[in-house]
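These numbers come from the heavy atoms of this one structure, side chains and all, not from hydrogens, waters or symmetry mates.
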Amino acid sequence: MKIFNTLSRTKEEFVPLEPGKVKMYVCGPTVYNLIHIGNARPMIVFDTVRRYFEYKGYEVTYVSNFTDVDDKIIKKANEEGVDSSEISSRYIEECRKDMAGMNVRSATVHPQATQEIPGMLTMIQTLIDGGHAYVAADGTVYFRTRSFKDYGKLSHKNIDELQSGFRELRVTGEEDKEDANDFVLWKPKKEGEPYWDSAWCKGRPGWHIECSVMAKRYLGDQIDIHAGGEDLIFPHHENEIAQSESANGKLFANYWMHNAFLNIDNRKMSKSLGNFFTVREIAGQYNLQVLRFFMLSAHYRSPLNFSADLMESSKNGLERIQTAMERLRDLDGKVSGDVLTEAEKAWDAQAGELVAKFEAAMDDDFNTADAIAALFELVKLSNSTVSADCSKAYTEDMKGRIQSLCDVLGLIVESRTETLDDAVEKLIADRQVARKAKDFAKADAIRQQLLDMGIELKDTREGVKWKRI
């Protein structure tokens with residue numbers, strides 16, 4: 001299995017720190033509002049990475065945080081006249097609902113910054129004691145960036161260039177820095193802000209320290225994979241490396257994975273630009289499984305442009321898989337035989353080759369686009385070979401293969417049990433009577449009546465099927 005490592009800018013063979021186990025940390029959202037679909041991309045991408053590791057037999061410890069103390073949270077709390085914890089608790093719950101809708105599994109641990117303050121105080125003191133941090137006159141604690149000789153190794157930025165030329169890339173903080181590139185570990189409290197006691201001042205942590213502390217507590221000094229959106233490479237992940245490796249004296253993460261931006265009209269989607277959709281807004285138009293399918297339709301390191309046309313294409317693609325699975329389930333109880341025929345053996349071998357093709361795509365830096373293409377080939381094989389004349393063994397094998405690959409991608413292909421009211425059921429029955437009586441004009445009229453009611457019918461070898469449109 002090869003992973004593109006942002007640190008080396010090359011694909012590297014994955015070798016875990018401990019055989020059979022993966023320790024993975026993914027930066028989560030700042031919870032001050034409903035998450036947008038840009039937030040959703042890393043959630044879906046790295047949930048899929050986790051699922052594939054588990055498919056390959058690894059035991060995965062997956063940690064993803066909630067940043068629940070931040071300027072934006074405090075601002076919203078002050079606007080509403082409530083405590084900041086009320087805002088963060090509210091939107092953590094809303095985020096969990098959206099994650100469930102996208103079939104993003106809960107992390108092994110979802111730590112929250114406000115619950116990890118003791119660990120932050122300890123790490124900051126360790127950095128001060130080691131000469132990597134210092135306390136300003138007002139109690140602000142800064143990381144001494146030049147004390148870490150490898151600063152810039154992730155983003156491939158030279159610290160002298162940062163200081164002399166790239167002003168917009170500098171890490172900003174308060175006054176009294178020794179160096180313009182030093183960044184805040186602890187900041188004094190301001191009026192209307194939550195704060196905690198420390199040896200330096202009453203205050204709260206800087207943003208970067210929380211992830212270093214959470215990764216250390218729940219995964220150890222060294223981890224296999226650290227992941228997030230590419231906007232976090234600098235300064236957030238660069239600063240995490242500096243903190244963690246200075247405090248722990250060890251390489252922090254062996255592999256760094258970053259997903260590309262989600263764009264709208266070929267511009268990066270962001271709340272600051274106002275060109276964004278929340279996951280909840282998309283849920284009002286589509287099943288969130290469609291959003292997941294859309295996110296996986298491109299390689300995670302490729303920019304992805306959001307559009308209604310691409311969402312419709314994703315909806316059709318997902319329905320193609322779901323329809324194939326529904327057809328296989330409809331054969332339950334209608335097929336028998338535990339031995340594959342000679343023809344089925346040949347088809348089954350083809351299916352095995354397509355599963356191998358899926359795995360090869362995922363082994364190559366989690367190429368979900370090519371994996372989905374292999375899945376579509378498997379669906380096509382199923383549609384062309386499985387029938388009521390097949391053995392139960394072949395039918396079940398094909399169903400199991402498709403289900404297994406969909407599980408890796410986090411795609412829910414079980415049809416939801418829905419019921420129709422009695423009037424609609426009667427119309428469907430009346431149409432069947434008309435068809436048997438060869439009264440096709442009446443049958444067509446009933447079909448159109450049902451379409452007008454949002455019910456689409458499809459005549460198949462297994463009988464009439466319906467779906468809501």
Side-chain angles (χ1 to χ4, degrees), residues 24-50 62-77 80 84-116 120 194 204-215 218 225-237 239-240 256-264 268-283 288 291-292 295 300 304 306 410:
M24 187 171 178
Y25 187 97
V26 179
C27 288
T30 300
V31 283
Y32 68 98
N33 210 327
L34 296 174
I35 61 170
H36 58 63
I37 56 176
N39 302 134
R41 190 175 193 189
M43 290 180 179
I44 290 169
V45 163
F46 298 116
D47 176 69
T48 305
V49 169
R50 172 195 188 177
Y62 187 94
V63 179
S64 185
N65 67 305
F66 289 120
T67 296
D68 62 345
V69 57
D70 175 87
D71 290 342
K72 294 173 183 175
I73 297 171
I74 293 166
K75 181 176 183 291
K76 191 171 187 71
E80 294 190 14
S84 59
S85 63
E86 183 174 329
I87 297 297
S88 58
S89 295
R90 178 196 309 167
Y91 288 110
I92 286 173
E93 183 60 30
E94 296 302 325
C95 181
R96 289 183 185 276
K97 291 177 185 176
D98 288 338
M99 289 169 64
M102 297 183 293
N103 199 26
V104 172
R105 290 167 51 197
S106 292
T108 310
V109 185
H110 275 296
Q112 296 172 220
T114 57
Q115 297 173 6
E116 305 294 333
M120 296 182 206
R204 61 185 175 95
W207 173 37
H208 312 296
I209 194 69
E210 66 177 85
C211 290
S212 287
V213 168
M214 293 174 188
Y218 297 103
I225 297 172
H226 198 309
E230 66 180 2
D231 56 320
L232 299 180
I233 296 172
F234 185 88
H236 185 52
H237 287 167
N239 291 351
E240 277 190 65
W256 289 84
M257 298 179 67
H258 295 93
N259 65 274
F261 291 130
L262 180 68
N263 299 322
I264 293 182
K268 179 197 168 189
M269 194 191 77
S270 72
K271 289 184 177 178
S272 61
L273 293 175
N275 64 333
F276 70 94
F277 297 104
T278 65
V279 170
R280 201 64 55 86
E281 287 172 327
I282 299 303
L288 289 180
L291 181 64
R292 184 173 185 118
M295 294 290 187
Y300 75 91
L304 183 58
F306 181 86

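Legend: salt bridge (charged side-chain N to carboxylate O under 4.0 Å, His left out) pairs involving residues 63-73, not counting sequence neighbours, sorted by first then second residue: Asp71-Arg204. Listed by first and then second residue, the salt bridge (charged side-chain N to carboxylate O under 4.0 Å, His left out) pairs that reach into residues 29-45 come to none, sequence neighbours excluded.
Using a 4.5 Å heavy-atom threshold, the side chains of Ser85 and Thr114 count as separate. Within the 4.5 Å cutoff, side-chain heavy atoms of Thr48 are placed close to those of Arg292. Looking at heavy atoms from C-beta onward, Gln112 lies out of side-chain contact with Ser88 at the 4.5 angstrom threshold. At least one side-chain heavy atom of Tyr62 sits less than 4.5 Å from a side-chain heavy atom of Phe46. Side-chain atoms of Met43 and Ser64, non-hydrogen and from C-beta on, never get closer than 4.5 Å to each other. Between Met295 and Val45 the shortest side-chain heavy-atom distance does not fall below 4.5 Å. Side chains of Phe66 and Gln115 form no contact here, defined as non-hydrogen atoms less than 4.5 Å apart. Taking 4.5 Å as the limit, some side-chain heavy atom of Val63 sits within range of a side-chain heavy atom of Pro111.
One finds the CD1 atom of Ile37 at 6.5 Å from the CG atom of Leu291 (value rounded to the nearest 0.5 Å). The distance from the CD1 atom of Ile73 to the OG1 atom of Thr67 is 7.0 Å, given to the nearest 0.5 Å. Interatomic distance, Leu232 CG to His237 NE2, rounded to the nearest 0.5 Å: 4.5 Å. Going from atom NE2 of His208 over to atom CD of Glu240 covers 9.0 Å, rounded to the nearest 0.5 Å. Taking CG from Asp98 and CZ from Arg280, the interatomic distance works out to 4.0 Å, rounded to the nearest 0.5 Å. For the atom pair SG (Cys27) and CE (Met214), the distance works out to 9.5 Å, reported to the nearest 0.5 Å.
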Run the numbers on Cys211 and Asn65 for side chain to side chain contact (heavy atoms under 4.5 Å, CB included), then give the verdict.
-> CA-CA 8 Å; Cys211 290; Asn65 67 305; 4.0 Å; yes
After noting the C-alpha distance and the side-chain angles of Lys97 and Glu94, does the key distance pass the salt bridge (Lys or Arg N to Asp or Glu O under 4.0 Å) rule?
-> CA-CA 5 Å; Lys97 291 177 185 176; Glu94 296 302 325; 3.5 Å; yes
Please report the C-alpha distance between Phe306 and Ile282 in whole Å, then the side-chain angles of each, then the deciding distance to 0.1 Å, and finally whether the side chain to side chain contact (heavy atoms under 4.5 Å, CB included) criterion is met.
-> CA-CA 11 Å; Phe306 181 86; Ile282 299 303; 3.6 Å; yes
Residues Tyr91, Asn33; criterion side chain to side chain contact (heavy atoms under 4.5 Å, CB included); working and verdict | CA-CA 6 Å; Tyr91 288 110; Asn33 210 327; 4.1 Å; yes
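Checked by atom type and distance alone, the side chain of Asn259 never pairs as donor or acceptor with a backbone atom of Tyr300 at under 3.5 Å.
The shortest non-hydrogen separation linking His258 to Trp256 is CE1-CB, 3.9 Å. Of all non-hydrogen atoms in Gly410 and Asn103, the two that sit nearest each other are O-ND2, 2.9 Å. Nearest heavy atom pair, residue Gly38 against residue Leu262, reads N-CD2, 3.9 Å. Between Ser106 and Arg96 the shortest heavy-atom distance is OG-NH1, 4.4 Å. In terms of heavy-atom proximity, Gly101 sits nearest to Leu288 at O-CB, 3.3 Å.
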